[in-house]
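Count residues from 1 along the sequence. Order of appearance sets the numbers: ligands from 1, and atoms from 1 within every ligand. Note that the structure is predicted; figures quoted are calculated from it, not measured. These numbers come from the heavy atoms of this one structure, side chains and all, not from hydrogens, waters or symmetry mates.
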Amino acid sequence: MSAVFGAFKRFYAAFISPPRPLNVETASPPLKFGILGAAAIAPPALVLPAKSHPEVELYAVAARDINRAQNFAKKHGFKKWYGGKDGYQELLDDPAIDVVYNPLPNGLHYEWTMKALAAGKHVLLEKPSGNTAEETRRMFSLADQKGLVLLEAFHYRFHPAIQRVRAIIDSGELGAIKEVNASLAFPKGLIGNDDIRMNYDIGGGAMMDCGCYPLSCVRYLTSNNPSAVISATAIRYTGDPRIDTGTTANLTFASSEPSGEPVKSTIKCDFAIPLRLGFIPRMPEVSVRTVCERGSVELFNFVMPVIYHSITVTPDSGVSRTEKAYTFEGGKGEEWWSTYRYQLEAFVDKVKGRTPQTWMSPEDSIANMEWIEKIYEESGLGSRPQSTYVLPTA
Ligand SMILES: *[C@@H]1O[C@H](CO)[C@@H](O)[C@H](O)[C@H]1NC(C)=O
Ligand SMILES: *[C@@H]1O[C@H](CO)[C@@H](O)[C@H](O)[C@H]1NC(C)=O
């Protein structure tokens, strides 16, 4: 009962009505954020986390349709809105804006991130960072040239839960990793055929949208990149065989021991796990399970740990235990901080020149994209099309 109540309290504070920040007077001047597109991800990923961050101001939103932009702005308390054919560029040209949040469809990430960086804005960019690793490389190279912060929004990395799992692995308590599996799969019915995720030209596909998480997660827990894609199988969308509605891939990683066996890893993503017996919805698959030489550790719910998660450590000999990690010991954060809230804290710290609790390097984002492409190559679907946009030279 109290577990249910705790989950509800955290959910309410994270996603319905975040408490106001306490330190508004002493905080440094807020960064003004502008959003490209009135996307459905924006409220949980930025709008709600911003409410409890004294250094974030929700300033402007742009959408193709000005009415949509205006409604979004009014509903969520933004001062300004831009719309129409030039709306996105007008937002980028607004000199008051410090940071641009880019939740556009994957195939537009490159063009609009390049334009935002060219306009001198820091960018918080939704995952996956681009359609290809080459796009990602170019975006980070421009950010570097301009001295701007660019972050791919792999929000789960900023939460204490996944960091606790990695600390358990790194402590050596269970010995070297032998195997690590991660899944992100949703029951059928959440994503329709008209969803942008089903559109190849703008970077659709399950491996792009949700497979990027388990891939990122197994790379994080092994502190390594894969050595090979052993096999990868895609469930192809009947409406467009270049789109996967689900992908399973077997990877290997080099052992952390000099002469150890390679680490095995299976990652899985699915937009539409079939109903059981044709009508019973399945539970989402949101776990990461690691088997080490002397025991295993499993994190249930690595993507939305604020609502509920559990870390189960099972040594081969001795007693097993369950841990929770909603906050960092001695660090910033509250039990109800979502992954997105922790991420926003780190992002603002970085822009303000402070040291964030955690950060994701450009190399990390580039490698994730490289391995997404390798998995698509192995499954036979191929990379998503690279943007043809060319930033005019100033
Ligand atoms: C991955 O490996 C497992 C275990 O060896 C096997 O059962 C499964 O079919 C493989 N999956 C793919 C997609 O090759
Ligand atoms: C990982 O997945 C593979 C393929 O489904 C399976 O054979 C293996 O038992 C799984 N291992 C763990 C630790 O879950």
Novice: Between His309 and Phe300, is the ring centroid distance below 6.0 Å?
Specialist: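 Ring-ring flag for His309/Phe300: false, centres at least 6.0 Å apart.
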Novice: Which heavy atom of the protein is the closest neighbour of atom 8 (C) of ligand 2, given with residue, atom name and distance?
Specialist: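 Result: Glu179 OE2, 3.3 Å.
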Novice: Which atoms of ligand 2 have any heavy atom of Val291 under 4.0 Å away?
Specialist: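 Those of ligand 2 that fall under 4.0 Å from Val291 are 13 (C).
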Novice: Protein heavy atoms: any of them under 4.0 Å from atom 2 (O) of ligand 2?
Specialist: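 Yes, at least one protein heavy atom sits under 4.0 Å from atom 2 (O) of ligand 2.
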Novice: For Tyr156 together with Phe302, are the ring centres under 6.0 Å from each other?
Specialist: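 So the answer is yes for these two rings.
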Novice: Tell me which protein heavy atom sits closest to atom 13 (C) of ligand 1, plus the residue, atom name and distance to 0.1 Å.
Specialist: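 Answer for atom 13 (C) of ligand 1: Thr233 OG1, 3.0 Å.
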Novice: What residues form a side-chain hydrogen bond (donor to acceptor under 3.5 Å, both in side chains) with Asp364, not counting sequence neighbours?
Specialist: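 Result, side-chain hydrogen bond (donor to acceptor under 3.5 Å, both in side chains) vs Asp364: Arg157, Arg219.
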Novice: Within a distance under 4.0 Å of any heavy atom of Arg289, pick out the atoms of ligand 2 and give their elements.
Specialist: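 Checking each atom against Arg289, I get 12 (C), 13 (C), 14 (O).
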Novice: Under the side chain to side chain contact (heavy atoms under 4.5 Å, CB included) test against Tyr88, which residue among Lys115, Glu111, Arg64 passes?
Specialist: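 With Tyr88 as partner, Lys115, Glu111, Arg64 yield a single side chain to side chain contact (heavy atoms under 4.5 Å, CB included), made by Arg64.
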Novice: Please could you name the atoms of ligand 1 that Thr248 approaches to less than 4.0 Å, counting only its heavy atoms?
Specialist: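 Here the atoms of ligand 1 in question are 13 (C).
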Novice: Tell me which protein heavy atom sits closest to atom 14 (O) of ligand 1, plus the residue, atom name and distance to 0.1 Å.
Specialist: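 Nearest protein contact, heavy atoms only, for atom 14 (O) of ligand 1 is Ser231 OG, 2.5 Å.
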Novice: How far is atom 4 (C) of ligand 2 from its nearest protein heavy atom, and which residue and atom name does that atom have?
Specialist: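 Answer, as residue, atom name and distance: Thr266 OG1, 3.6 Å.
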Novice: At less than 4.0 angstrom from any non-hydrogen atom of Asn181, what atoms of ligand 2 do you find?
Specialist: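 In order of numbering, the contacting atoms are 1 (C), 2 (O), 3 (C), 8 (C), 10 (C), 11 (N), 12 (C), 14 (O).
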Novice: Just one of Tyr82, Trp81, Phe78 clears the ring-ring contact (aromatic ring centres under 6.0 Å, His included) bar with Phe72, so which one?
Specialist: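 In the set Tyr82, Trp81, Phe78, the residue that makes a ring-ring contact (aromatic ring centres under 6.0 Å, His included) with Phe72 is Phe78.
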Novice: Quick one: look up the protein heavy atom nearest atom 6 (C) of ligand 1 and list residue, atom name and how far away it is.
Specialist: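 Here the closest protein heavy atom is Asn250 ND2, 4.2 Å.
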Novice: Identify whether the distance between the nearest side-chain nitrogen and carboxylate oxygen of Glu179 and Lys264 falls below 4.0 Å.
Specialist: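 Not counted as a salt bridge, because no side-chain N and carboxylate O are separated by less than 4.0 Å.
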Novice: Can you give me the closest heavy-atom contact between Cys292 and Leu174, atom names plus distance?
Specialist: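 Of all heavy-atom pairs spanning Cys292 and Leu174, the closest is CB-O, 3.2 Å.
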Novice: Is the CZ atom of Arg138 crowded by more than 12 outside heavy atoms at less than 6.0 Å?
Specialist: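 Yes, because the 6.0 Å sphere around CZ of Arg138 holds more than 12 heavy atoms from other groups.
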Novice: Within 4.0 Å of atom 11 (N) of ligand 1 (strictly less), any protein heavy atom?
Specialist: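 Yes.
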